[in-house]
There are 2 protein chains.
Amino acid sequence: MPDRLSVIFSALADPTRRAILARLADSEATVNELAEPFDISLPAISRHLKVLENAGLISRSRSAQWRSSRLEAAPLREATAWMERYRRYWDDNLDRLDAHLKRIQEDDQ
Amino acid sequence: MPDRLSVIFSALADPTRRAILARLADSEATVNELAEPFDISLPAISRHLKVLENAGLISRSRSAQWRSSRLEAAPLREATAWMERYRRYWDDNLDRLDAHLKRIQEDDQ
DNA sequence: CCAGTATTTAACGCCTCGGTTAATTAACGG
DNA sequence: CCGTTAATTAACCGAGGCGTTAAATACTGG
């Protein structure tokens, strides 16, 4: 079985799943409600939801015959935490800090 | 052809590729150098690099018979920008802010 | 219990992914 | 030019992803 980050990133790699997450940012929703905007079959949506659940990106509850999905953003924190290590490579402010630190280091020598 | 975010996220979904990026955070490196820590074949590494390049996560330059890879973090900024929309769902401070705003809204009514 | 609605599971097809080995290309250096 | 080293491409394979339709399951309400 793959590591958590791989599971999270591959869950996010599908545009339908990202759209589902975006929809869930508004409110909880049932499978049928989530399926409505897409022209793919219900079973396909059902599996996307399983992938998202497996990645911890949604949780689900049952009420009568409806299964409601709810956004769980914690895995996104993990993913951003991983990317955070690279922020210095794209953040202008940190670039400047970096240059500053290099200058200081040169001064030391 | 898939959208940029999908390409980026699926590039990040492989642990070997994430390890390569981590290695490149230190310094540029040749294909052989990048392959060294892994016990998979050189062609496999070569394809991982192609995937990373395709996602814009590395750039490559040739010097003699060596092809050097260099980290390009800009796509990570795009990816975090996408996740940023969900920060309110996991950030404690923003949770509190959210609760605060809700209280204010209730007061208004 | 039965009919109806919501959702999942099963079984299938197609395509991509990640690995392999063998062959090819690119560039250097004697 | 030839041998060597670096890297990629070609051809193949097995596993898994994402879609389908058909069948099964879960639950409600009369």
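The chains referred to below are lettered A, B, ... by the order of the sequence lines, with proteins before strands, and numbering in each begins at 1. Only heavy atoms go into these numbers, but all of them, side chains included; no hydrogens, no water, no symmetry mates.
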| field | Any residue of residues 24-37 of chain B with a heavy atom less than 4.0 Å from an atom of DNA chain C | value | none
Donor-acceptor pairs under 3.5 Å, side chain of residues 20-32 of chain B to any protein atom, not counting sequence neighbours: which ones?
| residue | atom | partner | partner atom | Å |
| --- | --- | --- | --- | --- |
| Arg23(B) | NH1 | Ser27(B) | O | 3.2 |
| Arg23(B) | NH1 | Ser27(B) | OG | 3.4 |
| Glu28(B) | OE1 | Ser68(B) | OG | 2.8 |
| Thr30(B) | OG1 | Glu33(B) | N | 3.2 |

| message | A side-chain contact here means heavy atoms from C-beta on lying under 4.5 Å apart; do Pro15(B) and Leu5(A) qualify? | response | no
| request: With sequence neighbours left out, write down each residue that passes side-chain hydrogen bond (donor to acceptor under 3.5 Å, both in side chains) with Glu84(A), or none if nothing qualifies. | output: Arg87(A)
| request: Summarise how protein sits on nucleotides 15-30 of chain D as a single string, 5' to 3': B when a protein heavy atom is under 4.0 Å from the base, S for sugar-phosphate-only contact, - for no contact. | output: ---BBBBB---SSS--
| Can you list every side chain to side chain donor-acceptor pair (under 3.5 Å) pair that touches residues 36-60 of chain A, not counting sequence neighbours? | Arg17(A)-His48(A), Ser59(A)-Glu72(A)
| field | Which residues share a side-chain hydrogen bond (donor to acceptor under 3.5 Å, both in side chains) with Glu78(B), sequence neighbours left out | value | Arg4(B)
| field | Worked verdict on Ile45(B) versus Ile40(B) for side chain to side chain contact (heavy atoms under 4.5 Å, CB included) | value | CA-CA 7 Å; Ile45(B) 298 291; Ile40(B) 63 180; 3.8 Å; yes
| query | At under 4.0 Å, does any side-chain N or O of Lys50(A) touch on OP1 or OP2 of dT9(C)? | reply | yes
| message | Whole angstroms only, please: what is the CG-P distance between Leu49(A) and dT9(C)? | response | 12 Å
| said: With a 4.5 Å cut-off on side-chain heavy atoms, are Val7(A) and Val51(A) touching? | reply: no
| Of all residues at least two apart in sequence or in a different chain, which pass the side-chain hydrogen bond (donor to acceptor under 3.5 Å, both in side chains) check with Ser6(A)? | Asp3(A), Arg18(B)
